[in-house]
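Working notes, structure below.
Since we're looking at a predicted model, the values are computed, not measured.
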Amino acid sequence: GRNKAIIYTPGDKLSVFAEQVATKLAKNNGTSINVAGNGLGSWMDKQPKTPEAVATTQEKLNGALLRVLTEVKKVQPQLTRIVTGGQTGTDIAGAIAGAALGLKVEVTMPRGFRQRTAEGRDITQTEADVRRQIEEGAAKLRAQMPPRAPYSPTFTPMDSTSDLKK
């Protein structure tokens with residue numbers, strides 16, 4: 001059977017959490033992480049749910065998941081896939097952060113691509129709607145990430161007049 005692990009950590013301890021995830025991934029020779037957690041309604045429990053507040057909360061979650069997955073990927077480069085349910089909040093943040101890092105993202109959603117809003121309403125989306133959420137969120141995260149230098153081998157040019165026999 002497959003090993004399952006539930007790791008709890010307070011939200012302000014992202015580095016510790018990333019280290020725990022990376023250790024568990026290495027111990028189990030894992031290549032994928034299942035990202036699941038609270039929806040936006042839970043994250044915004046007592047906050048007013050204005051469109052701006054909802055967007056800001058989701059963007060903060062996206063950034064937090066990006067930080068965790070970036071750290072995990074540094075320690076365990078064999079991480080290649082994120083699996084998630086695609087609901088607002090933690091689930092979609094995992095998909096967005098994984099896509100920003102170029103990982104394979106597998107989203108399993110209820111029929112009709114239903115998502116629960118911060119207000120607790122279930123809305124029906126299309127596959128294109130969900131893809132757009134992920135792609136737009138990933139693009140925003142990539143814009144905030146430090147640029148990655150492409151791999152470029154280093155060559156030392158030889159002076160054509162130098163004497164190679166020296």
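- Remark: the backbone N or O of Gly112 is not paired with any side-chain donor or acceptor of Gln125 at under 3.5 angstrom.
- Applying the salt bridge (Lys or Arg N to Asp or Glu O under 4.0 Å) test to Lys140 and every residue at least two apart in sequence or in another chain returns Glu59.
- Taken to the nearest 0.5 Å, the CG atom of Leu141 stands 12.5 Å off from the CD atom of Glu136.
- Residues Asp129 and Arg132 have side chains in contact (heavy-atom distance under 4.5 Å, counting atoms from C-beta outward).
- Between Ile134 and Ala99 the shortest heavy-atom distance is CG2-CB, 3.8 Å.
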Quiz item: Taking it one step at a time, do Leu101 and Thr70 satisfy side-chain contact (heavy atoms from CB on, under 4.5 Å)?
Solution: CA-CA 7 Å; Leu101 290 172; Thr70 298; 3.6 Å; yes
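- For the pair Gly98 and Val105, the tightest heavy-atom approach, listed with the atom from each and the gap, is C-CG2, 3.9 Å.
- For the atom pair Ile92 CD1 and Leu61 CG, the distance stands at 11.5 Å (nearest 0.5 Å).
- Of all heavy-atom pairs between Leu25 and Ser32, the closest is CD1-O, 3.6 Å.
- For the salt bridge (Lys or Arg N to Asp or Glu O under 4.0 Å) test, residues two or more places apart in sequence or in another chain that qualify with Glu106 are Arg81.
- Using a 4.5 Å cut-off between side-chain heavy atoms of Ile, Leu, Val, Met, Phe, Trp and Tyr, with links allowed through other members, Phe113 and Val83 fall into different hydrophobic clusters.
- Partner of Val21 under the side chain to side chain contact (heavy atoms under 4.5 Å, CB included) criterion, chosen from Leu79, Ile33, Val75: Ile33.
- A donor-acceptor contact shorter than 3.5 Å links the side chain of Thr84 to the backbone of Val35.
- For the pair Leu66/Gln144, no side-chain contact is recorded, criterion being any heavy-atom separation below 4.5 Å from C-beta on.
- Minimum interatomic distance between Gln133 and Gln115 (heavy atoms only, all atoms of both residues): NE2-OE1, 2.8 Å.
- In plain terms, the two heavy atoms of Met109 and Gly85 that are nearest each other are CG-O, 3.2 Å.
- Within 6.0 Å of the CZ atom in Arg142, the count of heavy atoms belonging to other residues, nucleotides or ligands exceeds 12.
- Atom CG of Leu69 sits about 4.5 Å away from atom CD1 of Ile82, to the nearest 0.5 Å.
- Of the residues listed (Lys74, Gln78, Lys73), the one engaging Gln76 in a side chain to side chain donor-acceptor pair (under 3.5 Å) is Gln78, and it is the only one.
- Nearest approach of Thr88 to Arg116, heavy atoms of both residues: OG1-O, 2.6 Å.
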